[in-house]
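The block underneath contains the structure these notes are about, expressed in structure tokens.
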Amino acid sequence: MPEQTKPILSVKNMSVQFPSLSGVVSAVRNLSFEVGREKVGIIGESGSGKSTTGRAIMRLQPATARVVADEMRFEDVDLLTASEAEMRAIRGSRISMILQDPKYSLNPVMTVGEQIAETVILHERLGRKAARERTLAMLERVNIRDPQRVFNLYPHEVSGGMGQRIMISMMLISSPSLIIADEPTSALDVTVRQQVLSILDDLISERNIGLIFISHDLNLVKSFCDRVIIMYAGRIVETIDASKLDQATHPYTRGLLEALPSLDHPRDRLEVLKRQASWAEA
Amino acid sequence: MSIISVNDLAVSFGSGNDFKQVVKNVAFDVEPGETFGLVGESGCGKSTVLGALAGRIKGWSGSVSIDGEGVGPKRSRLQLAKQQMVFQDPFGSLHPRHTIGRTLLEPLEVHGLDQRQERVERVLRDVGLPPAFRHRFPHQLSGGQRQRVAIARALILNPRILLLDEPTSALDVSIQAEILNLLKDLQERDKLTYVLVSHDMAVIAHLCNRVAVMLDGQFVEVASREQLLQGSVQHPYTRTLLDGSRGYVPPRKLAS
């Protein structure tokens, strides 16, 4: 089916520039990539531009930033020319974003149930009662045992893992076709992380949608995603199948892999990354 | 003889309805020059154990002896200087409006040590920073450099023991490698003893000789480095933590 093979998101030559008094700073430079119905990981260190990329796709970059690209296409929408009203209709409905820490990204003065229901009330013009039904079903889908009770809780009354499951249910209730997850499990403990990821994994494959998974955790991306994009200083240095990450050839990727302490290949000393100016250019 | 010996350590906070036993009768010994790890999830009490060792947390019971000397919740300066802490977040643990030199001088002033300038210069060199960094402010440093300053501040009193509370979890992988290497070098050179708190089993296995796995305020297992690397650990919770640091394991695979 052509619908299945066509990429959901296609970005060509995207740059995100921050004009400053001392000239233009480019946080992201000439990025080109496509996302289909798959899990794509974006790996990079702090400041590599991975989160800026995620935000630029949602057109949520800071007001001072300028996004330029040859093409930014999401399904049938041209993200470069879409109006702000069109973008509002897309955000949260067709593209959703899961952020790192539910403590800061949920509204503290609204019950979690209302927050989730708000999405479908706004985007699908559902009545309150129907929205409540949908929300309860969605909460159940993310393995929350007592959705009736959780519906009426405030964010400070739920644990980190439950908060992140609430975030996921909020992001998936409107059936988006692309999800951008920015470090969705970095604030969570190991056991809770497994649980949250498996829920996310199931929902992605069940609904056959695309996921951009932004992370700094090589082991996690390697085991969770299908494909990995490695970013350095705002550029893509390498794109590789997640299963082949161990055989990556770019010296930066190799450097990252060798700097990582490993249970399977213990080393007395870790390799220290020797940065080369050419990585930022080539 | 053990440099740290802990018996029946218990820590609780609050009273009445808010009473919470955070650490429950924990016992362990650490040999000189050894790295002892504490691993567990948030709220398991691992940092609290470290706080009690450091003398930061005073409401504990049990017996703790450090360097052959029994210590109580209240300690002398000399006793406090024997163990120093390095915290997780180098952004929060350095005074933003003090220069690095000022930050490093403070422990020397508190403990009344002489040759202050020489000591500051020496300790900066030890952690791989140029002496001119003493004139800088924390915001002029990168995360890795700041963590080096935090380590320098801990080392400037010539402690026997460093208490490391997640020293690399706020850092990028490549910077983490530098700090872990630095910690190993310093330990070899000065025969330091480390107690390391971390949630990352790979970091634990890299640095530690032994690790205590904590769950709900108790040790469920004390495993050796070899056991971790071979995967021959006893407790299922230890195994869960080991699997977790390898990445995502789909439940379908877990079941089979």
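Just so you know, these numbers use all the heavy atoms, side chains as well, and skip hydrogens, waters and symmetry mates. Order of the sequence lines fixes the chain letters, A, B, ..., with proteins taken first and strands second; residue numbering starts at 1 for each chain.
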Heavy atoms from other residues, nucleotides or ligands near [atom1] of [X] exceed 12 (cutoff 6.0 Å):
X	atom1	value
His265(A)	NE2	no
Arg207(A)	CZ	yes
Tyr104(A)	OH	no

Verdict with reasoning, Gln194(A) to Thr240(B), per side chain to side chain contact (heavy atoms under 4.5 Å, CB included): CA-CA 10 Å; Gln194(A) 290 286 351; Thr240(B) 310; over 6 Å; no
Of all of [options], which one pairs up most often with chain B through heavy atoms under 4.5 Å apart?
options	result
Asp268(A), Leu256(A), Leu218(A)	Asp268(A)
Asn219(A), Val192(A), Asp189(A)	Asp189(A)
Leu220(A), Leu197(A), Asp217(A)	Leu197(A)

When rounded to the nearest 0.5 angstrom, what is the spacing between [atom1] in [X] and [atom2] in [Y]?
X	Y	atom1	atom2	result
Leu260(A)	Asp200(B)	CG	CG	8.0 Å
Leu263(A)	Gln230(B)	CG	CD	12.0 Å
Gln176(B)	Leu273(A)	CD	CG	13.0 Å

Between [X] and [Y], what is the shortest heavy-atom contact and its length?
X	Y	value
Val190(A)	Gly244(B)	CG1-CA, 3.1 Å
Ala259(A)	Ala177(B)	O-CB, 3.5 Å
Arg246(B)	Asp264(A)	NH2-OD1, 2.8 Å
Pro261(A)	Leu180(B)	CG-CD1, 4.1 Å
Arg269(A)	Asp185(B)	NH1-OD1, 2.6 Å

Is Ile204(B) close to chain A through its backbone or its side chain, or both, or neither, when contacts mean heavy atoms under 4.5 Å? neither
Can you tell which part of Leu229(B) gets under 4.5 Å to a heavy atom of chain A, answering side chain, backbone, both or neither? both
Audit row: His206(B), Ser262(A), side chain to side chain contact (heavy atoms under 4.5 Å, CB included) steps and yes/no: CA-CA 7 Å; His206(B) 180 73; Ser262(A) 158; over 6 Å; no
What residue among Leu200(A), Val221(A), Asp201(A) forms side chain to side chain contact (heavy atoms under 4.5 Å, CB included) with Tyr248(B)? Asp201(A)
Look only at the side chain of [X] and the backbone of [Y], and say whether a donor-acceptor pair between them is shorter than 3.5 Å.
X	Y	result
Asp172(B)	Ser46(A)	yes
Asn181(B)	Leu270(A)	yes
Glu41(B)	Thr191(A)	yes

Residues from residues 163-171 of chain B approaching chain A under 4.5 Å (heavy atoms): none
Could you list which of residues 138-152 of chain B have a heavy atom closer than 4.5 Å to any heavy atom of chain A, in residue-number order? none
Between Ser174(B) and Val272(A), is a side chain to side chain contact (heavy atoms under 4.5 Å, CB included) present by the stated rule, with each step listed? CA-CA 6 Å; Ser174(B) 59; Val272(A) 170; over 6 Å; no
Below 4.5 Å from any heavy atom of chain B, which atoms of Arg267(A) appear? Answer side chain, backbone, both or neither. backbone
Is it the backbone or the side chain of Arg193(A) that comes under 4.5 Å from a heavy atom of chain B, or both, or neither? side chain
By side chain to side chain contact (heavy atoms under 4.5 Å, CB included) - contacts of Glu271(A) (at least two apart): Glu258(A)
Are there residues of residues 238-250 of chain A whose heavy atoms fall under 4.5 Å of chain B's heavy atoms? If so, which? none
